[in-house]
S.K.: 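Sharing a structure with you now.
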Amino acid sequence: YGSTRPERILAEVKRKATRGDARSVVDTIDQYCRHQEWAMNVGDEKGTILDSIVCEVKPRAMLELGTYCGYSAVRIASLLPPNSRLITMEFNPVFAAIARQVIAWAGVEDKVVLIEGPSGDWIPKMKKEFGLTSFDLVFLDHWKDCYLPDTKLMEECGLLRTGSILVADNVICPGAPDYLEYVRGSPRYESKYFRSHLEYTRVEDGIEKSVFLG
Ligand SMILES: CCc1ncnc2c1ncn2[C@@H]1O[C@H](/C=C/CNC(=O)c2cc(-c3ccc(F)cc3)cc(O)c2O)[C@@H](O)[C@H]1O
Ligand SMILES: [Mg+2]
């Protein structure tokens with residue numbers, strides 16, 4: 001039976017990355033996806049932009065939508081201050097199982113809570129389930145047509161406070177046009193585009209950082 005791409009990425013991490021070293025897990029995945037087989041991680045170039053925003057915001061409570069193999073969860077968790085949590089949502093059980101192992105190999109499992117299931121089901125339950133008031137930072141990297149509905153749902157569920165920041169991957173490629181139009185057109189957001197490239201390629205892509213103004 002053939003393995004899946006996420007399984008091959010996990011195997012490479014176990015073969016090449018140093019256990020407990022988040023940086024080596026990130027670098028191993030980047031090397032593999034740049035030189036062996038492409039995968040939809042945020043990648044090294046856009047990852048550096050994400051890192052700078054995480055370091056600037058120093059979120060106590062952070063949400064990621066779309067874990068996939070756990071690459072960005074490891075990247076983010078390795079930068080979180082003590083007593084901070086990344087909650088990451090993944091609805092594909094196969095990807096979730098792989099991501100748990102990648103996160104554990106990197107030694108950041110204490111900072112990451114991986115929730116299995118569709119974001120639309122979980123977002124309304126977050127406050128009660130996790131005793132949360134709001135998220136300081138949200139990274140959107142799941143299906144691109146879910147960015148806008150999930151953003152509206154987070155607003156409605158009171159998960160965003162004045163100053164909460166949304167960071168969206170792939171606003172150019174594959175693109176999230178309805179989301180971009182919303183955050184750029186709404187008086188309730190202050191939006192900024194960080195031009196970059198699609199992971200491991202020279203194709204243009206970018207990250208949109210949007211501050212919720214309440
Ligand atoms: C139901 C809501 C919901 N709830 C919970 N988990 C959810 C979910 N919806 C999706 N997931 C999981 O998130 C991940 C999907 C991510 C989707 N990402 C891209 O499609 C993408 C594509 C390219 C690209 C591909 C091909 C090209 F040619 C160019 C660019 C580049 C990128 O960086 C990309 O992020 C998977 O793990 C899903 O199981
Ligand atoms: Mg992406």
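In listed order, ligands and their atoms are each counted from 1. Values reported hereafter were calculated over all heavy atoms of this structure, with side chains retained and with hydrogens, waters and symmetry mates removed.
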S.K.: Among protein heavy atoms, which sits nearest to atom 25 (C) of ligand 1, and what does the distance come to when rounded to 0.1 Å?
M.R.: Trp38 CH2, 3.6 Å

S.K.: What protein N/O/S atoms are there under 2.8 Å from the Mg ion (ligand 2), waters excluded?
M.R.: Asp141 OD1, Asp169 OD2, Asn170 OD1

S.K.: Measuring only between side-chain heavy atoms, which start at C-beta, is Ile165 closer than 4.5 Å to Phe135?
M.R.: no

S.K.: So for ligand 1, is Phe91 a polar contact partner (N or O within less than 3.5 Å, distance only)?
M.R.: yes

S.K.: How many angstroms lie between atom CG of Leu166 and atom OG1 of Thr151, to the nearest 0.5 angstrom?
M.R.: 5.5 Å

S.K.: How far is atom 4 (N) of ligand 1 from its nearest protein heavy atom, and which residue and atom is that?
M.R.: Ser119 N, 3.0 Å

S.K.: Check contact between Gly117 and ligand 1, using heavy atoms of the residue and a distance below 4.0 angstrom.
M.R.: yes

S.K.: Would the distance check show the side chain of Ser164 and the main-chain N or O of Arg161 forming a donor-acceptor pair, the cut-off being under 3.5 Å?
M.R.: yes

S.K.: Could you tell me, atom by atom, which parts of ligand 1 come under 4.0 Å of a heavy atom of Phe95?
M.R.: 36 (C), 37 (O), 39 (O)

S.K.: Looking only at protein heavy atoms, which one is nearest to atom 16 (C) of ligand 1, and what is the separation?
M.R.: Asp141 O, 3.4 Å

S.K.: Contact between Tyr32 and Trp38 at the side-chain level, heavy atoms closer than 4.5 Å - yes or no?
M.R.: no

S.K.: Quiz question: by atom type and distance under 3.5 Å, do the side chains of Asp145 and Tyr179 form a donor-acceptor pair?
M.R.: no

S.K.: Kindly say whether Lys192 contributes a backbone atom to a donor-acceptor pair with the side chain of Lys209 at under 3.5 angstrom?
M.R.: no

S.K.: Among side-chain atoms of Asp30 and Tyr71, is any donor-acceptor pair under 3.5 angstrom?
M.R.: yes

S.K.: Nearest protein heavy atom to atom 34 (C) of ligand 1, by residue and atom, and its distance?
M.R.: Asn170 OD1, 3.3 Å

S.K.: For Asp169, which part has a heavy atom under 4.0 Å from ligand 1: side chain, backbone, both, or neither?
M.R.: side chain

S.K.: Check each atom of ligand 1 against the heavy atoms of Pro118 and keep those under 4.0 Å away; list them by number with element.
M.R.: 4 (N)

S.K.: Measure the shortest side-chain to side-chain distance between Glu199 and Asn170 over non-hydrogen atoms and say whether it is less than 4.5 angstrom.
M.R.: yes

S.K.: What atoms in ligand 1 come closer than 4.0 Å to a heavy atom of Gly66?
M.R.: 13 (O)

S.K.: Any side-chain donor-acceptor pair under 3.5 Å between Thr28 and Glu12?
M.R.: no

S.K.: Looking at every non-hydrogen atom in both residues, tell me the closest pair between Ser191 and Ser210 and how far apart they are.
M.R.: OG-OG, 2.6 Å

S.K.: Using 0.5 Å steps for rounding, measure from the CZ atom of Arg85 to the CG atom of Leu63.
M.R.: 14.5 Å

S.K.: Could you tell me which atoms of ligand 1, counted from 1 in the order shown, lie closer than 4.0 angstrom to a heavy atom of Tyr68?
M.R.: 37 (O)

S.K.: Between Ser84 and Arg60, is there a side-chain donor-acceptor contact under 3.5 Å, judged purely by atom types and distance?
M.R.: no

S.K.: Which residue and atom name correspond to the protein heavy atom nearest atom 22 (C) of ligand 1, and how close is it?
M.R.: Pro174 CG, 3.6 Å

S.K.: Who's the nearest protein heavy-atom neighbour of atom 31 (C) of ligand 1, and how far?
M.R.: Glu199 OE2, 3.2 Å

S.K.: For atom 18 (N) of ligand 1, is the nearest protein heavy atom under 4.0 Å away?
M.R.: yes

S.K.: Without swapping roles, check the side chain of Tyr147 against the backbone of Ala176 for a donor-acceptor pair under 3.5 Å.
M.R.: no

S.K.: When you check the side-chain N and O atoms of Ser196 and Asp205, is any donor under 3.5 Å from an acceptor?
M.R.: no

S.K.: What protein heavy atom lies closest to atom 15 (C) of ligand 1? Include the residue and the distance to one decimal.
M.R.: Trp143 CZ3, 3.4 Å

S.K.: Does atom 27 (C) of ligand 1 have any protein heavy atom closer than 4.0 Å?
M.R.: no

S.K.: Hey, is ligand 1 close enough to Asp150 that some N/O pair sits below 3.5 Å?
M.R.: no

S.K.: Would you say Lys16 and Gln31 are linked by a side-chain donor-acceptor pair, where the criterion is simply a distance under 3.5 Å?
M.R.: no

S.K.: Has ligand 1 got any nitrogen or oxygen that is less than 3.5 angstrom from a nitrogen or oxygen of Asn41?
M.R.: no

S.K.: Show the atoms of ligand 1 that are less than 4.0 angstrom away from any heavy atom in Leu198.
M.R.: 29 (C), 30 (C), 31 (C)

S.K.: Identify the protein heavy atom lying closest to atom 37 (O) of ligand 1, giving its residue, its atom name and the separation to 0.1 Å.
M.R.: Glu90 OE1, 2.6 Å

S.K.: Please answer whether the main-chain N or O of His197 pairs with a side-chain N or O of Thr201 as donor and acceptor at a distance below 3.5 Å.
M.R.: no

